[in-house]
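Take a look at the structure set out below.
In this text the structure is predicted, and so the values were computed from the model without any measurement.
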Amino acid sequence: MDARTSFRYRQRGTVVWAEYDGGDIAQGHLLGTVDARGGLRFHYHHLNAQGEMRAGVCESTPRLLPDGRLRMEESWQWLTDDCSAGHSVIEES
């Protein structure tokens with residue numbers, strides 16, 4: 001995933017899901033829940049441009065920016081390949 005990856009989130013109650021694509025991602029999906037503090041926990045999977053299937057887990061903390069946009073501060077870990085972990089920030093455009 002990179003700056004060209006676009007996410008389209010939806011929510012119904014405590015269930016959140018999204019589709020994403022762009023950049024190195026051909027097609028991806030995530031499914032998760034919102035906890036009592038507003039934090040999000042997701043499982044995701046995608047097919048990248050090289051035809052590789054990847055899957056992982058993510059915990060996100062949404063933050064409202066002063067201009068009204070949403071920022072997601074995320075800790076993630078792959079469940080495939082090297083099982084590496086990291087942190088990302090996703091901001092609404």
Partners passing side chain to side chain contact (heavy atoms under 4.5 Å, CB included) against Ser84 (at least two apart in sequence or in another chain): Trp76, Trp78, Asp82

Heavy atoms only: give me the nearest Arg54-Asn48 pair and the separation to one decimal. CG-ND2, 4.4 Å

Note: Gln77 and Cys83 closest approach over all heavy atoms is NE2-O, 3.0 Å

Sorted by chain and residue number, the ring pair (Phe, Tyr, Trp, His ring centres under 6.0 Å) partners of Phe42 (sequence neighbours excluded) come out as none

Pairing residues for Glu59 by the side-chain hydrogen bond (donor to acceptor under 3.5 Å, both in side chains) criterion, not counting sequence neighbours: Arg41

Tell me which pairs pass salt bridge (Lys or Arg N to Asp or Glu O under 4.0 Å) where either residue lies in residues 84-93, with sequence neighbours left out. Arg69-Glu91, Arg71-Glu91

Locate the shortest heavy-atom distance separating Met53 from Leu47; write the atom from each residue and the value. N-CD1, 4.1 Å

Distance-minimising heavy-atom pair for Ser60 and Met72: CB-CE, 3.8 Å

What closest approach, in Å, do Gly39 and Pro62 show between heavy atoms, and which atom pair accounts for it? CA-CD, 4.4 Å

According to salt bridge (Lys or Arg N to Asp or Glu O under 4.0 Å), who are the partners of Arg37, at least two apart in sequence or on a separate chain? Asp35

Minimum-distance pair of heavy atoms, taken over all atoms of Tyr9 and Glu74: OH-OE2, 4.1 Å

Could you identify which residues cluster with Leu31, counting Ile, Leu, Val, Met, Phe, Trp and Tyr as linked when any side-chain heavy atoms lie under 4.5 Å apart, either directly or through a chain of such contacts? Val15, Trp17

Quick one: side chain to side chain contact (heavy atoms under 4.5 Å, CB included) partners of Ala55, sequence neighbours excluded? His45, Thr80

What is the distance from atom NE2 of His29 to atom NE2 of His46, rounded to the nearest 0.5 Å? 12.0 Å

For the pair Thr5 (side chain) and Gly22 (backbone), establish whether a donor and an acceptor sit closer than 3.5 Å, ignoring hydrogens and angles. yes

Looking at residues at least two apart in the chain, or sitting in another chain, which of them share a side-chain hydrogen bond (donor to acceptor under 3.5 Å, both in side chains) with Thr33? none

Output all residues satisfying side-chain hydrogen bond (donor to acceptor under 3.5 Å, both in side chains) with Arg10, sequence neighbours left out; order by chain, then residue number. none

How long is the gap from CD on Glu19 to CZ on Phe7, to the nearest 0.5 Å? 12.0 Å

Do you reckon Leu79 sits in the same ILVMFWY cluster as Leu30, going by side-chain contacts under 4.5 Å, direct or chained? no

